[in-house]
Every structure is written in structure tokens, then in C-alpha cells.
Q: 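Supplied in C-alpha cells, the structure appears directly below.
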Amino acid sequence: MDGTPYLLDGANWAWSSSGSIPHLLLAHLGYTGLSVLVGFLIAFPVGLLIGHTGKGSFIAINAGNAGRSLPTLGLLSLLVVYMSSQGFLPVLIALVVLVIPPILTSTYAGLRTVDPNAVDAARGMGMSSTQVLFRVELPMALPVVFGGVRAAVLQVVATATVAAYVGLSGLGRLLVDGLALNDYGRMVAGAVVVAALAVVLDLLLGLVQRYVVSPGITGRGLSRARGTRSVAESGTVPEPELVTSKGSS
């Protein structure tokens, strides 16, 4: 059950083969990207509205609970039977349903945890409700919102393998075809590639979050600012260490 021989076989990485790992990887990324995009366009505005107004919070809470308990494969099977289709649409709907809860709940929670004093100060400066939302609340809630997006991406990357169960491409083909052929090495290789893809995407999103979220929100650079301030207040500069050679007396 070692997937190393399959992963090290150059034929499985050849671009000329439609069933090679690069082709399956691109298809998997396509399913993931489209599902997250559609889910984000649905959940993010609703989360902003609920979090900003404080109305309809039960929607965000119940959506989060329902999303954690809803079996994606069961929903996909139901959609295929109901829609009499094995194309990408049932898969897209099932994955979007998986994406919505974490983004909706994180957006709502992020806005509700913003310091009310900052909101009151912004309103006291004459900002409109929309300006308060996009200039004060949303920038301060970005770390929590990004957390929901990262969770949604990881869930979809792991779950998009179900597309292979309805005859589509993607990394799930390694699992489904490996099971059908009793090729457990292929199955292990598919699981390894999916896990590696999830780790890489999470690291990339973490890097994006680092440069998008203000350092004042995350606390980055705070210690540096304090160190600079202490040096400026003391008026002294630390002396460099003297390096002596072995031959010096």
C-alpha cells in the first residue's frame, strides 16, 4: 500500500497523458476555485449584512451547525438523482453548500467582535454606515474572515474528490480508479497529493493574509516599534560586539 512507486513513475506526470497527475491536479483546482468563488459571493455579503446590522444572527449560527453535519457525498447523490444529471452542476452545488457555512459564520463573527468604541468613534467623526463597515469594521475583522476562507478552501480541497464518483476528473480519480482496480498504491498516492495540495494552498492563503491584513490588527511590527521607541528615548545605540582573532592578545 505504498504510493511512492506510483508518484515516482514519470509516466504518471507526463503532460501528454490526459489522466496524468498534472491534468487531475488542474481539474481539482478548477473545481475548488470555482466552488469557493461562488460560495464566497453568496456567503460574504450575507455575513457582512448580518454582522453589521446584528439582525438575523440565527441564520449564521444555524448555517454553521448545518454545514458541519451535512454529508457532502449524500447531498451529491441526492442532487444527481433529483436533477437526473452527472455533470458538474450537482458537484458545484454540493461543494458550494460546503463553502457557505464557514465563510458566513466567520464574517459574521469577525464583525461582531470589532471593538464598539472604534465603531462609535468612526460614527462620531461623521462616517456613514457604509463607510463604517468598509473602513473600520471589515479591516478589523479581516483576520477572522480569512480564517473562514482558509477553512472553506481546506474542506473543499479534501471533499472535491467526490467529483470522481459522478464520472468527472480531478484527484478523486486516483482514489476511485485505484479502488476499482485494487491498486492501493494509486489510492495512497492520490491521498498524498490531496493532502500536499491542501497544505500548499493553506500556506499561500496565510501568506496573502499576512500582506492583506494591517500590521496594526495582527500586532506585527509592534515589538519592532517598541524597540525603536526605547532606543530613541534612551538616546543610545547598542555598541557592536568586538570580534577578536585567535592571534590577538
Q: Whether the side chain of Thr113 engages the backbone of Gly110 through a donor-acceptor N/O pair (distance < 3.5 Å, no angle test) should be reported.
A: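 Pair found, side chain donor or acceptor close to backbone of Gly110.
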Q: Under the side-chain contact (heavy atoms from CB on, under 4.5 Å) rule, what do Leu201 and Leu154 come out as? Steps first, then yes or no, please.
A: CA-CA 8 Å; Leu201 289 179; Leu154 292 180; 5.6 Å; no
Q: So, the side chain of Gln131 versus the backbone of Ser128: is there a donor-acceptor pair under 3.5 Å, distance only?
A: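 Yes, because the side chain of Gln131 sits within donor-acceptor range (under 3.5 Å) of the backbone of Ser128.
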Q: Donor-acceptor pair, Thr159 side chain versus Val156 backbone, under 3.5 Å?
A: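 No, Thr159 side chain to Val156 backbone: no donor-acceptor pair under 3.5 Å.
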Q: Which pairs of donor and acceptor atoms, one on a side chain in residues 192-199, lie under 3.5 Å apart (sequence neighbours left out)?
A:
none

Q: To the nearest 0.5 Å, tell me how far Ser18 OG sits from Trp15 CH2.
A: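 These two atoms lie 10.5 Å from each other.
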Q: Please report the shortest heavy-atom distance between Ala122 and Val136, naming the atom on each side.
A: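 Of all heavy-atom pairs spanning Ala122 and Val136, the closest is CB-CG2, 3.6 Å.
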Q: Is any side-chain heavy atom of Val153 closer than 4.5 Å to a side-chain heavy atom of Asp202?
A: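 No, every pair of side-chain atoms sits at 4.5 Å or beyond.
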Q: Honestly curious: do Leu41 and Val97 fall in one hydrophobic cluster under the side-chain, below-4.5 Å linking rule?
A: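 No: no chain of side-chain contacts under 4.5 Å links Leu41 to Val97.
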Q: Please walk me through it: do Ile100 and Phe40 pass side-chain contact (heavy atoms from CB on, under 4.5 Å)?
A: CA-CA 7 Å; Ile100 289 177; Phe40 182 84; over 6 Å; no
Q: Between Leu174 and Arg186, what is the shortest heavy-atom contact and its length?
A: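 So the two residues come closest at O-CG, 3.5 Å.
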Q: Side chains of Gln209 and Leu205, heavy atoms from C-beta outward: is any pair under 4.5 Å?
A: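 A side-chain contact under 4.5 Å is absent here.
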Q: How many angstroms lie between atom NE2 of His52 and atom OH of Tyr108, to the nearest 0.5 angstrom?
A: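 With rounding to 0.5 Å, NE2 (His52) is 14.0 Å from OH (Tyr108).
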Q: Would you say the side-chain atoms of Trp13 pair up with the backbone N or O of Leu7, donor to acceptor, closer than 3.5 Å?
A: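 Checking the backbone N and O of Leu7 against the side chain of Trp13, a donor-acceptor pair under 3.5 Å is found.
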Q: State whether the number of non-hydrogen atoms from other residues, nucleotides or ligands found under 6.0 Å of Phe44 atom CZ is greater than 12.
A: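 Yes - once you tally the heavy atoms of other residues, nucleotides and ligands closer than 6.0 Å, there are more than 12.
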Q: Taking all heavy atoms of Leu34 and all of Phe88, pick out the closest pair and write down the distance.
A: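 In this case the closest contact between Leu34 and Phe88 is CD2-CE2, 3.4 Å.
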Q: Same hydrophobic cluster for Tyr82 and Leu79, using side-chain heavy-atom links shorter than 4.5 Å among ILVMFWY?
A: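 Yes, because Tyr82 and Leu79 connect within a single hydrophobic cluster, where side-chain heavy atoms sit under 4.5 Å apart.
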Q: Which distance, rounded to the nearest 0.5 Å, do you find between the CG of Leu89 and the CD1 of Ile93?
A: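 Nearest 0.5 Å value for the CG-CD1 distance: 4.0 Å.
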Q: Nearest 0.5 Å please: distance from the CG atom of Asn12 over to the CG atom of Asp9.
A: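 Nearest 0.5 Å value for the CG-CG distance: 4.5 Å.
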Q: Rounded to the nearest 0.5 Å, what separation is found between the OG1 atom of Thr32 and the CD atom of Gln155?
A: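 The OG1 atom of Thr32 sits 12.0 Å away from the CD atom of Gln155.
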Q: Please report the C-alpha distance between Thr130 and Arg135 in whole Å, then the side-chain angles of each, then the deciding distance to 0.1 Å, and finally whether the side-chain contact (heavy atoms from CB on, under 4.5 Å) criterion is met.
A: CA-CA 8 Å; Thr130 303; Arg135 294 188 180 183; over 6 Å; no
Q: State yes or no: do Leu37 and Ile42 share one hydrophobic cluster built from I, L, V, M, F, W and Y residues joined by side-chain heavy-atom distances below 4.5 Å, directly or via other members?
A: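 No, Leu37 does not connect to Ile42 through the hydrophobic network.
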Q: Can a donor-acceptor pair be found between the side chains of His23 and Ser17 at a distance below 3.5 Å?
A: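 On atom types as modelled, these side chains do not qualify, holding no pair under 3.5 Å.
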Q: For a quick test of reading the model, state the closest non-hydrogen atom pair linking Leu168 to Arg173 and the distance between them.
A: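 Looking at all heavy atoms of both residues, the closest pair is O-NH1, 2.9 Å.
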Q: Any chance you could lay out the side-chain contact (heavy atoms from CB on, under 4.5 Å) test for Ser106 and Val149, step after step, and finish with the verdict?
A: CA-CA 8 Å; Ser106 65; Val149 173; 5.8 Å; no
Q: Would you call Val119 and Glu137 a side-chain contact if the rule is heavy atoms closer than 4.5 Å?
A: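 Yes - at least one pair of side-chain heavy atoms lies under 4.5 Å apart.
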Q: If you compare all heavy atoms of Thr53 against all heavy atoms of Arg112, which two are closest, and at what distance to 0.1 Å?
A: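 Thr53 and Arg112 have their closest heavy atoms at C-NH1, 4.4 Å.
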Q: Tell me the closest heavy-atom pair linking Val96 and Gly39, and the distance in Å.
A: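 Looking at all heavy atoms of both residues, the shortest contact is CG1-CA, 4.0 Å.
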Q: If hydrophobic clusters are built from ILVMFWY residues whose side chains come within less than 4.5 Å, do Leu73 and Val176 share one?
A: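 Leu73 and Val176: one cluster.
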Q: Please round to the nearest 0.5 Å and tell me the distance separating atom CZ of Arg123 and atom CG of Asp120.
A: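 Output value for this atom pair is 6.5 Å.
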Q: Does Tyr31 use its side chain to pair, donor to acceptor, with the backbone of Ser169 at less than 3.5 Å?
A: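 Yes, the answer is positive, given that a donor and an acceptor are paired below the 3.5 Å cut-off.
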Q: Is there a continuous path of hydrophobic side-chain contacts, each under 4.5 Å between heavy atoms, that joins Leu104 to Leu49?
A: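 No, Leu104 does not connect to Leu49 through the hydrophobic network.
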Q: State, yes or no, whether a side-chain contact exists between Met187 and Leu179 at a heavy-atom distance under 4.5 Å.
A: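 Met187 vs Leu179: side chains touch.
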